[in-house]
Amino acid sequence: MMRTHTCGELRKSAVGTRVCLCGWADTVRDHGGLIFIDLRDRYGLTQVIFDPADSREAWDVAQSTRGEYVIRIEGVVEARPDNMVNTKLPTGEIEVRSSVIEVLNKSKTPPFPLDDEQAAKVSEDLRLTYRYMDLRRQRMLGNLVLRHKLLQAARNYLDALHFTEVETPILTKSTPEGARDYLVPSRVMPGTFYALPQAPQQYKQLLMVSGLDRYFQVARCFRDEDLRADRQPEFTQIDLEMSFITPEDIYGVIDGLLAAMMKTAGLGELALPIPRMTYADAMSRFGSDKPDLRFGMELTDLSELFKGTQFKVFGGVLEKGGVVKAINAKGLAAVPPRAIDDWTAMVKEAGLGGLAYIRVQDDGAWKSPIVKFFSDAEKAGLQEKLQIQNGDLILFAADKPAVVHVALGRLRLLSGAMAGAIPQNKFAFTWVTDFPLFEKNDEGQLQSMHHPFTAPRPQDLPLLETEPLKVCAQAYDIVLNGVELGGGSIRIHDPDTQASLFKVLGFPPNEIEERFGHLIRAFSFGAPPHGGLAIGADRLVMLLAGCESIRDVIAFPKTQKAMDMLMNAPAKVDARQLRDIHIQSVVAEPEGEKK
RNA sequence: GGGGACAUAGCUCAAUUGGUUAGAGCGCCGCCCUGUCACGGCGGAGGUUGCGGGUUCGAGCCCCGUUGUCCCCGCCA
């Protein structure tokens with residue numbers, strides 16, 4: 001028998017028992033006589049003591065043991081004397097007196113320290129190059145275990161609600177209207193390509209046509225776009241779809257799912273139902289379609305107040321149908337000029353002409369380049385609407401609503417963080433509902449905001465071909481702490497509505513047939529009304545684990561250039577492999593590397 | 001595609017205005033030490049300052065380029 005116990009389970013009740021433990025030498029403390037080895041495995045840490053009087057042979061081996069050696073020990077569990085109990089360890093009341101030690105494997109000196117406090121500062125590329133070492137840390141192991149437990153909880157919850165997990169293909173067809181696809185050349189059909197799925201969207205809808213009724217999948221998805229702290233090129237969704245439902249059914253299922261996962265993470269009872277707000281409200285009040293509701297500092301509409309104002313910048317914008325809005329950055333009156341400069345550059349990038357502000361000094365005086373243009377009534381109105389107190393900083397934006405919202409939404413997050421207004425141990429979920437069905441792309445053409453199978457709200461159907469931008473979708477996002485966790489919609493299930501939507505989007509008939517013909521055909525055989533949603537599993541785990549990067553909850557993540565530092569992927573392949581799949585690279589080989 | 005930050009010992013960092021032999025803590029190696037748990041003490045080894053070029057009497061430091069990592073904008077139906 002290799003081991004009788006793990007390194008995390010021995011307690012006082014085991015005193016007197018003969019045990020075998022296996023694990024890694026976490027630290028070796030050699031006192032010349034006594035030697036202490038903290039033996040570590042996934043489950044914890046147990047102190048093992050070697051006394052030359054017990055076994056000189058074992059003591060010799062213990063003395064030559066180094067950090068990260070893999071060892072197996074045999075010994076007897078002893079209670080520690082009262083004054084030597086280590087209260088920092090769950091196993092701190094006992095130790096194992098060992099007379100048998102076997103080195104199962106030696107280890108080179110680790111490339112970086114493995115204790116969580118020091119490892120947190122180590123450069124991430126080194127951690128990724130030696131990811132298997134990084135994952136030995138309790139923190140990282142804990143993240144992987146939590147991820148597993150959360151997904152397990154999700155599976156149990158959905159199974160109890162009669163959802164069936166179905167695996168859908170990884171080699172599938174390109175869907176050019178979404179993100180950039182990862183392509184896989186076909187060997188058998190020269191010149192053709194599979195694509196890796198951006199989401200199992202069409203398959204899960206086809207499963208509804210099949211009558212599966214309730215589908216889910218812990219699904220790997222692939223999108224060839226640039227990375228962020230919360231975006232990886234391959235990521236995992238908890239993807240689900242249901243038949244014969246209304247949006248209320250989705251809210252109910254997901255509310256319960258998230259509550260179950262919060263509980264599993266040890267984060268207590270989530271108050272249900274999760275609050276909802278419309279997309280229009282989210283944009284107007286928070287300047288974002290994924291509002292962070294952990295703090296206030298909402299956007300305040302001042303358009304009424306400044307109607308007919310003498311201040312030409314605001315007046316001019318209002319005459320052209322724009323809006324004037326502001327946020328009160330509580331307590332930031334003394335923010336350095338440098339910050340205002342940075343923020344000004346940021347809002348200009350967002351399309352604003354400039355950033356107007358008022359510093360409300362401690363003596364109550366308003367220090368501002370624009371206040372001299374305000375009437376007494378306007379000042380009084382500001383005071384009242386923005387609840388201005390000494391020490392506040394007021395930030396104004398005046399332009400078209402879309403520009404004002406984006407600019408102030410970003411300022412709200414930046415200034416809120418700077419003011420320390422964002423509580424860190426809070427979980428503020430919200431649904432964002434009633435998204436527009438369409439948006440205009442850079443070329444001014446209509447495109448689906450979600451995807452082209454999203455159903456319009458029934459009451460908006462008459463507007464579909466006349467005023468498409470006013471049509472709201474039966475689409476909803478679930479948001480946590482300003483992060484888009486997931487989204488979904490009720491789908492179009494009747495071919496007529498689908499056809500008229502394609503028409504509005506301006507898809508030519510031959511293209512519709514080529515790209516969506518299979519789906520339309522399927523829907524012509526009796527598709528049930530259906531809808532669903534997908535949750536970004538990595539993001540959810542990241543937030544519930546209290547991590548700042550999605551990479552910390554993925555076992556083997558990629559760098560910002562989508563490199564796998566451990567495997568060194570992507571990499572060149574043999575010319576033979578390329579020939580087989582009928583691919584020729586147009587990238588010039590550097591001199592000296594030609595074969 | 002764009003903006004920003006960083007790159008010095010195995011790790012984390014320091015190095016005055018451009019000026020002697022590039023330092024510290026941790027780790028590593030050796031010796032000592034019988035109750036430590038971040039053990040302690042003494043000693044030691046360890047550097048092409050990411051790479052390439054330039055300016056200069058002289059470059060870790062200034063300039064240009066390049067590579068890599070991270071953050072953000074664009075992008076992400």
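Computed from a prediction, not measured in an experiment: that's the story for all the values here. Just so it is clear: chains get the letters A, B, ... in the order the sequence lines come, proteins before strands, and each one is counted from 1.
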S.K.: Return the nucleotide paired to B/G43: Watson-Crick means purine N1 to pyrimidine N3 with N6-O4 or O6-N4, wobble means G-U with N1-O2 and O6-N3, both under 3.5 Å.
M.R.: B/C29
S.K.: Looking only at non-hydrogen atoms, find the nearest pair between A/Leu395 and A/Leu355 and report the distance.
M.R.: CD2-CD2, 4.1 Å
S.K.: Considering only B/C73, B/C37, B/U69, which nucleotide approaches the side chain of A/Glu349 most closely?
M.R.: B/C73
S.K.: Test for a donor-acceptor pair under 3.5 Å between the base of B/C37 and the side chain of A/Arg80, counting only N and O atoms.
M.R.: yes
S.K.: Side chain of A/Val122 only, heavy atoms from C-beta on: which candidate in B/C75, B/C37, B/U12 is closest?
M.R.: B/U12
S.K.: Over 60° means perpendicular and under 30° means parallel, so classify the ring planes of A/Phe516 and A/Phe507, tilted if in between.
M.R.: parallel
S.K.: Could you tell me how the ring of A/Tyr279 sits relative to the ring of A/Phe435: parallel (under 30°), tilted (30 to 60°) or perpendicular (over 60°)?
M.R.: tilted
S.K.: Is the aromatic ring centre of A/His31 closer than 5.5 Å to the centre of the six-membered base ring of B/C39, with the two planes inclined by less than 30°?
M.R.: yes
S.K.: How close or far is atom P of B/G68 from atom CG of A/Asn568, stated in whole angstroms?
M.R.: 12 Å
S.K.: Output the rounded distance in Å from CE (A/Met133) to P (B/C11).
M.R.: 13 Å
S.K.: So which heavy atom on A/Phe50 is nearest to which on A/Ile73, and how close?
M.R.: CZ-CG2, 4.0 Å
S.K.: Grab the CZ-P distance between A/Arg137 and B/C11 for me, whole Å please.
M.R.: 16 Å
S.K.: Record whether the side chain of A/Arg231 comes under 3.5 Å of the base of B/C76 through a donor-acceptor pair of N or O atoms.
M.R.: yes
S.K.: Is the phosphate of B/C28 approached by A/Lys108 (side-chain N or O, under 4.0 Å from OP1 or OP2)?
M.R.: no
S.K.: Distance between the P atoms of B/U8 and B/G1, in whole angstroms?
M.R.: 27 Å
S.K.: Return the nearest nucleotide to the side chain of A/Asp125; candidates are B/U34, B/C70, B/G68.
M.R.: B/G68
S.K.: Provide the Watson-Crick or G-U wobble partner of B/U21, both distances under 3.5 Å; none if there is no partner.
M.R.: none
S.K.: For the pair made of CG in A/Leu227 and P in B/C71, what is the distance, rounded to whole Å?
M.R.: 9 Å
S.K.: Under a 3.5 Å cut-off for both distances, is B/U36 Watson-Crick or wobble paired, and to whom?
M.R.: none
S.K.: Counting only distance, no hydrogens or angles, is the base of B/G74 paired donor-acceptor with the side chain of A/Arg180 under 3.5 Å?
M.R.: no
S.K.: Within the structure shown, what part of the strands sits under 4.0 Å from A/Gln118 by heavy-atom distance: base, sugar-phosphate, or nothing?
M.R.: sugar-phosphate
S.K.: Just to be sure I understand the rule, does A/Asn86 reach a base, reach only the sugar-phosphate, or reach nothing, if contact means heavy atoms closer than 4.0 Å?
M.R.: base
S.K.: Which part of the nucleic acid, if any, lies within contact of A/Asp224, taking any heavy atom under 4.0 Å across all strands shown: a base, the sugar-phosphate backbone alone, or nothing?
M.R.: nothing
S.K.: When the distance from CD of A/Glu124 to P of B/U69 is rounded to whole Å, what number comes out?
M.R.: 11 Å
S.K.: Would you kindly give the CZ-to-P distance between A/Phe50 and B/U36, to the nearest whole Å?
M.R.: 18 Å
S.K.: Figure out the CG/C1' separation between A/Asp51 and B/G35, and round it to whole Å.
M.R.: 10 Å
S.K.: Nearest of B/G27, B/C72, B/G35 to any side-chain atom of A/Thr109?
M.R.: B/G27
S.K.: Within less than 4.0 Å of OP1 or OP2 of B/C70, is there a side-chain N or O belonging to A/Ser549?
M.R.: no
S.K.: So for A/Asn83 and B/G35, does any side-chain atom that can act as donor or acceptor lie under 3.5 Å from a complementary atom in the base?
M.R.: no
S.K.: Report the nucleotide, chosen from B/G35, B/C76, B/C75, that has the shortest atom-to-atom distance to any side-chain atom of A/Phe36.
M.R.: B/G35
S.K.: With rounding to whole Å, what would you report as the distance between B/A5 and B/G10 at their P atoms?
M.R.: 27 Å
S.K.: Looking for any heavy atom pair under 4.0 Å, which part of the strands does A/Leu128 touch: base, sugar-phosphate only, or nothing?
M.R.: nothing
S.K.: Should B/C51 form a Watson-Crick or G-U wobble pair with both distances under 3.5 Å, which nucleotide is its partner?
M.R.: B/G65
S.K.: Of the options B/C76, B/G35, B/C71, whose atoms approach the side-chain atoms of A/Glu225 most closely?
M.R.: B/C76
S.K.: Side chain of A/Arg29: nearest nucleotide among B/U36, B/C71, B/G35?
M.R.: B/U36
S.K.: CZ of A/Arg228 versus P of B/G1: gap in Å, rounded?
M.R.: 14 Å
S.K.: Just to confirm, is there a sub-4.0 Å distance from OP1 or OP2 of B/U36 to any side-chain nitrogen or oxygen of A/Gln47?
M.R.: no
S.K.: Is a donor-acceptor pair below 3.5 Å formed from side chain A/Arg66 to base B/G27, judging by atom type as modelled?
M.R.: no
S.K.: Measuring from the side chain of A/Met84 (C-beta onward, heavy atoms only), which nucleotide among B/C11, B/C37, B/U69 has the closest atom?
M.R.: B/C37
S.K.: Salt bridge check: are A/Arg231 and A/Glu225 linked by an N-O gap of less than 4.0 Å?
M.R.: no
S.K.: Between B/C71 and A/Arg551, is there an OP1 or OP2 to side-chain N/O distance shorter than 4.0 Å?
M.R.: yes
S.K.: Roughly how far apart, to the nearest Å, are B/A15 and B/U34 at atom P?
M.R.: 42 Å
S.K.: Considering all heavy atoms of both residues, which atom of A/Gly8 and which atom of A/Thr46 are nearest to each other, and what is their separation?
M.R.: N-OG1, 4.3 Å
S.K.: In this structure, is the centre-to-centre distance between the rings of A/Phe453 and A/His530 below 6.0 Å?
M.R.: no
S.K.: For A/Met346, answer base if it contacts any base atom (sugar-phosphate contacts may also be present), sugar-phosphate if it contacts only those atoms, and nothing otherwise; contact means non-hydrogen atoms under 4.0 Å.
M.R.: nothing
S.K.: Show, in sequence, the C-alpha distance, side-chain angles and deciding distance for A/Asp494 and A/Thr497, and conclude whether the side-chain hydrogen bond (donor to acceptor under 3.5 Å, both in side chains) test is met.
M.R.: CA-CA 6 Å; A/Asp494 79 286; A/Thr497 310; 2.5 Å; yes
S.K.: Check this one for me: any side-chain N or O of A/Lys121 less than 4.0 Å away from OP1 or OP2 of B/C11?
M.R.: no
S.K.: Determine which nucleotide pairs with B/U56, using a 3.5 Å limit on both distances of a Watson-Crick or G-U wobble pair.
M.R.: none
S.K.: Which whole number of Å gives the distance between the P atom of B/C31 and that of B/G52?
M.R.: 40 Å
S.K.: Salt bridge or not between A/Lys290 and A/Asp477? Use side-chain N to carboxylate O under 4.0 Å.
M.R.: no
S.K.: Which of the following nucleotides, B/U69, B/C73, B/C37, is nearest to the side chain of A/Arg410?
M.R.: B/C73
S.K.: Base, sugar-phosphate or nothing for A/Glu95? Non-hydrogen atoms, less than 4.0 Å.
M.R.: base
